[in-house]
Asker: 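Could you have a look at this structure, given as structure tokens, before my questions?
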Amino acid sequence: MTGHQLNTSVPTRLPSGRNATAEKLLVAASELMIERASIEVSLSDIAQKSGVNAALVKYHFGNKDGLLLALLARDAATEMSQLEYLISQPITPTAKLRLHIGGIIRAYHQFPYMNRLIHYLLHESSTEAADEVSQFFVAPLLDFHRRLLAEGVKAGEFRDIDPVLFYTSLIGACDHLFFGRHAMSRATGVGPVTDEVCRDYIKHMEALIFGGMLKERMASSE
């Protein structure tokens with residue numbers, strides 16, 4: 001790690017346990033969702049773009065929701081795997097939180113359909129899918145926030161913050177940047193979430209979060 005920088009990019013390849021055909025289907029689904037700015041893509045469209053028979057979706061994923069669940073798990077994998085690494089680093093809790101804020105926002109930016117997938121799988125799919133999303137996305141993030149906030153309080157850097165409220169604030173802010181962007185574009189004419197918008201939003205969220213939770217002596221040194 002140099003200059004407190006972590007690799008927060010999400011992998012474009014699947015874990016070694018997934019075969020090439022399944023990977024092609026996931027890559028095609030991801031590319032289509034980015035191109036169309038929507039998760040409403042058909043199995044036939046995914047099959048055509050991947051060059052794979054649509055019937056193989058059932059073989060590899062069970063159904064379309066299974067494919068969407070696997071796609072979300074793939075896209076979130078690196079950010080989730082970084083949590084244990086980040087919490088163990090010999091840097092201040094404030095530095096860890098700064099890296100985490102940037103990593104989460106960049107993950108949403110790299111895969112702008114991620115928030116829609118989370119909403120769909122948690123609220124509109126099966127109970128089993130919702131349970132899996134909670135297990136590989138929600139629960140690890142909540143646990144990380146709980147431990148990092150406790151570390152920051154112990155170090156005298158953070159005010160005492162409820163982890164659930166913190167999770168709601170950070171993830172909700174990330175979510176709305178992308179999920180609410182369409183509504184804002186209609187109301188105010190704002191453009192898409194570009195790299196520049198992403199960088200500005202990271203700075204904005206850092207200032208907003210740190211301004212509300214850092215102890216005075218830490219805030220004055222930022």
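Atoms considered below: every heavy atom in the structure, side chains included; atoms not considered: hydrogens, waters and symmetry mates.
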Asker: Looking at I91 and A95, what are the two nearest heavy atoms and their distance?
Answerer: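 Looking at all heavy atoms of both residues, the shortest contact is CD1-CB, 4.0 Å.
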Asker: Please give me the minimum heavy-atom distance between F61 and A70, naming the atom from each residue.
Answerer: CE2-CB, 3.7 Å
Asker: L117 and F111: side chain to side chain contact (heavy atoms under 4.5 Å, CB included), yes or no, with the steps?
Answerer: CA-CA 10 Å; L117 280 185; F111 298 104; over 6 Å; no
Asker: Are D45 and R36 close enough that some pair of their side-chain heavy atoms sits under 4.5 Å apart?
Answerer: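 A side-chain contact under 4.5 Å exists here.
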Asker: Just wondering, more than 12 heavy atoms not from Q48 lying within 6.0 Å of its CD?
Answerer: no
Asker: Check whether K64 reaches the backbone of V57 with its side chain - one donor and one acceptor, N or O, closer than 3.5 Å.
Answerer: no
Asker: Atom CD of residue position E196 - does it have more than 12 heavy atoms of other residues, nucleotides or ligands inside 6.0 Å?
Answerer: no
Asker: Got a salt bridge between R199 and D195, using NZ or NE/NH1/NH2 to carboxylate O under 4.0 Å?
Answerer: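 Salt bridge between R199 and D195, a charged N being under 4.0 Å from a carboxylate O: no.
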Asker: So, taking the atom named CZ in F166 and the one named CD1 in I209, what distance separates them when rounded to the nearest 0.5 Å?
Answerer: 4.5 Å
Asker: Between CD1 of I118 and CZ of F137, what distance do you get to the nearest 0.5 Å?
Answerer: 3.5 Å
Asker: Would you call the rings of H145 and H100 parallel, tilted or perpendicular, where under 30° means parallel and over 60° means perpendicular?
Answerer: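 Perpendicular.
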Asker: Can you name the nearest heavy-atom pair linking Y113 to M33, along with the distance?
Answerer: CD2-CB, 3.6 Å
Asker: Which heavy atom of P112 sits nearest a heavy atom of R116, and at what distance?
Answerer: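 The answer is O-NH1, 3.6 Å.
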Asker: Check whether any side-chain heavy atom of E31 lies under 4.5 Å from a side-chain heavy atom of V27, and answer yes or no.
Answerer: yes
Asker: Going from CE on M205 to CZ on R98, what distance comes out if it is rounded to the nearest 0.5 angstrom?
Answerer: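 Result: 13.0 Å between the selected atoms.
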Asker: So how far is it from E151 CD to T94 OG1, rounded to the nearest 0.5 Å?
Answerer: 9.5 Å
Asker: Treating Ile, Leu, Val, Met, Phe, Trp and Tyr as nodes and any side-chain heavy-atom pair under 4.5 angstrom as an edge, say whether L67 and Y59 lie in one connected cluster.
Answerer: yes
Asker: Are side-chain heavy atoms of V197 and H109 found at a separation under 4.5 Å?
Answerer: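 No, their side chains stay 4.5 Å or more apart.
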Asker: Taking side-chain hydrogen bond (donor to acceptor under 3.5 Å, both in side chains) as the definition, give me every residue that meets it alongside S44, ordered by chain and number, with sequence neighbours left out.
Answerer: S42
Asker: Would you sort out whether Y120 and V133 count as a side chain to side chain contact (heavy atoms under 4.5 Å, CB included), showing the intermediate values?
Answerer: CA-CA 10 Å; Y120 172 76; V133 174; over 6 Å; no
Asker: To the nearest 0.5 Å, what is the distance between SG (C174) and OH (Y201)?
Answerer: 6.5 Å
Asker: So does A130 get a backbone contact from the side chain of S134, meaning a donor-acceptor N/O pair under 3.5 Å?
Answerer: yes
Asker: What's the shortest heavy-atom distance between I105 and C198, and which atoms?
Answerer: CG2-SG, 3.8 Å
Asker: May I ask you to test the L72-E132 pair for a side-chain heavy-atom distance under 4.5 Å?
Answerer: no
Asker: Can we say K96 and E157 salt-bridge, meaning some charged N sits less than 4.0 Å from an Asp/Glu carboxylate O?
Answerer: no
Asker: Rounded at 0.5 Å granularity, tell me how far CG in L141 sits from CD1 in I171.
Answerer: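 Atom-to-atom, L141:CG and I171:CD1 are 5.0 Å apart.
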Asker: Please find the pair of heavy atoms, one from S50 and one from A47, that lie closest to each other, and give the distance.
Answerer: OG-O, 3.1 Å
Asker: Should the pair E84-R147 be classified as a salt bridge under the 4.0 Å nitrogen-to-oxygen rule?
Answerer: yes
